[in-house]
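Notes for the one structure printed next.
Keep in mind it's a predicted model, so treat the numbers as computed, not measured. Both ligands and their constituent atoms are indexed starting at 1 by order of listing. Excluded from the calculations below are hydrogen atoms, water molecules and symmetry mates; all remaining heavy atoms, backbone and side chain alike, are included.
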Amino acid sequence: MRLVFLGPPGAGKGTQAKLLSKEHGIPHLSTGDVLREAMAKGTPTGLRAKEFVDKGYLVPDEVVDALVRERLERARDRFLLDGYPRNESQADELDRMLRQLKTSLTSVVYIHVADETLVKRVSGRRSCPKCGEVFHLETKPPRQRDACDACGSKGLVQRPDDRAEVVRERLTVYHKNTAPLVERYKAKGLLRWVDGDRPIDAVARDVSKAAKQDGGAPGA
Ligand code: AMP
């Protein structure tokens with residue numbers, strides 16, 4: 001499987017990508033996770049990315065393209081890209097990388113959720129600063145208040161870019177830059193549309209089915 005996960009912020013791409021990656025043992029590459037890790041470590045890439053991420057803007061293409069190129073060269077035949085590409089120029093760059101690696105995408109899983117739902121969803125999101133596990137105050141609360149189910153650390157946090165005003169900016173950026181990719185991949189017959197406005201396990205079942213449909217067949 002060589003997949004791209006597409007969808008607005010808060011659609012559940014990260015959650016679903018992690019589940020699928022576990023189910024099939026496929027490397028999960030989330031550009032958002034890689035950038036957050038670089039920011040936490042204060043690397044030059046992290047410092048450069050921070051001014052964009054904190055405002056809800058896209059990080060310059062050359063920064064994320066380089067991160068993805070390095071990891072794709074290692075993953076090669078099995079990968080799950082989450083949060084990349086996010087605009088036409090990144091999608092062109094991804095096509096170039098795949099051509100050079102003599103491979104191609106098997107499908108693009110598009111998780112759709114209406115805008116009204118997204119701001120509410122994202123602002124309730126909390127994560128563990130230690131291991132990165134993601135929770136939601138209403139739909140996926142931790143078993144013990146404010147503690148991580150996965151590693152037991154105390155003190156779940158809200159990502160700075162999950163504050164309501166930044167989420168609105170991220171949605172604007174999504175509609176302007178990323179949403180056009182839906183048509184691009186539909187035209188290539190790669191798009192698999194999944195309704196993301198349902199419980200996590202119901203979405204996961206459809207994502208799993210969608211991921212197994214190899215490219216070629218027309219998308220929804
Ligand atoms: P995410 O965790 O995918 O929602 O990404 C969080 C933030 O990281 C985004 O709002 C962007 O600022 C940045 N980011 C992640 N992926 C990309 C990308 N492919 N291109 C540009 N910026 C990105």
Side-chain angles (χ1 to χ4, degrees), residues 3-21 28-41 43-72 75 79-98 105 108-113 115 117-129 131-136 157-182 184-185 196:
L3 305 172
V4 162
F5 271 56
L6 201 61
K13 295 186 299 295
T15 302
Q16 295 297 336
K18 274 186 200 127
L19 289 172
L20 195 71
S21 144
H28 169 207
L29 168 51
S30 153
T31 42
D33 283 352
V34 174
L35 291 169
R36 277 185 289 280
E37 202 184 310
M39 282 159 51
K41 285 188 184 149
T43 66
T45 300
L47 294 175
R48 178 143 186 241
K50 189 171 165 48
E51 55 183 305
F52 299 93
V53 174
D54 284 354
K55 294 193 188 99
Y57 302 156
L58 292 186
V59 172
D61 291 341
E62 71 270 17
V63 176
V64 277
D65 289 345
L67 294 177
V68 172
R69 179 175 285 278
E70 188 195 319
R71 283 161 180 81
L72 271 194
F79 58 80
L80 209 160
L81 278 172
D82 157 15
Y84 182 95
R86 255 179 158 97
N87 59 29
E88 294 282 358
S89 138
Q90 293 180 11
D92 289 342
E93 184 59 24
L94 176 61
D95 284 348
R96 259 192 299 277
M97 292 182 212
L98 294 172
L105 295 175
V108 173
V109 178
Y110 169 48
I111 306 184
H112 178 270
V113 175
D115 278 11
T117 317
L118 292 168
V119 176
K120 211 173 120 199
R121 267 200 189 185
V122 178
S123 38
R125 182 155 68 183
R126 297 291 181 273
S127 59
C128 172
C131 75
E133 185 72 10
V134 180
F135 300 90
H136 191 281
V157 295
Q158 182 177 41
R159 274 166 48 179
D161 61 334
D162 278 351
R163 283 172 292 130
E165 65 276 19
V166 185
V167 175
R168 279 190 205 97
E169 181 57 41
R170 287 166 64 200
L171 271 175
T172 306
V173 168
Y174 171 80
H175 285 294
K176 183 164 172 259
N177 299 281
T178 314
L181 299 182
V182 170
R184 177 184 178 119
Y185 289 121

Residues D33 and H28: side-chain donor-acceptor under 3.5 angstrom: no
Gap separating the CZ atom of R96 from the CG atom of L94, nearest 0.5 angstrom: 10.0 Å
K18, NZ: over 12 other non-hydrogen atoms inside 6.0 angstrom: yes
Nearest protein heavy-atom contact for [atom]: which residue, which atom, what distance?
| atom | value |
| --- | --- |
| atom 11 (C) of ligand 1 | Y57 O, 3.5 Å |
| atom 10 (O) of ligand 1 | R170 NE, 3.7 Å |
| atom 22 (N) of ligand 1 | V59 N, 3.0 Å |
| atom 1 (P) of ligand 1 | R86 NH2, 3.5 Å |
| atom 14 (N) of ligand 1 | L35 CD1, 3.5 Å |

Between [X] and [Y] (salt bridge meaning N to carboxylate O under 4.0 Å), is one present in this structure?
| X | Y | answer |
| --- | --- | --- |
| E51 | K55 | no |
| D95 | R184 | yes |
| E165 | R168 | no |

contact_flag K13 ligand 1 heavy-atom lt 4.0 Å: no
Ligand 1 contact by K55, heavy-atom criterion under 4.0 angstrom: no
Mode of D161 contact toward ligand 1 - side chain, backbone, both, neither (heavy atoms, under 4.0 Å): side chain
Residue portion contacting ligand 1 (non-hydrogen atoms closer than 4.0 Å) for L58: both
Under 3.5 Å donor-acceptor, Q90 side chain and D61 backbone: no
Backbone or side-chain N or O of G83 under 3.5 Å from ligand 1 N or O: yes
Option among R125, R126, R121 that satisfies the side chain to side chain donor-acceptor pair (under 3.5 Å) test with D162: R125
I'd like to check which ligand 1 atoms, numbered from 1 as shown, lie under 4.0 Å from a non-hydrogen atom of [X].
| X | value |
| --- | --- |
| T31 | 15 (C), 16 (N), 17 (C), 19 (N) |
| Q90 | 18 (C), 19 (N), 20 (N), 21 (C) |
| R159 | 1 (P), 2 (O), 4 (O), 6 (C) |

Stepwise side-chain contact (heavy atoms from CB on, under 4.5 Å) test for D54 and V166: CA-CA 8 Å; D54 284 354; V166 185; over 6 Å; no
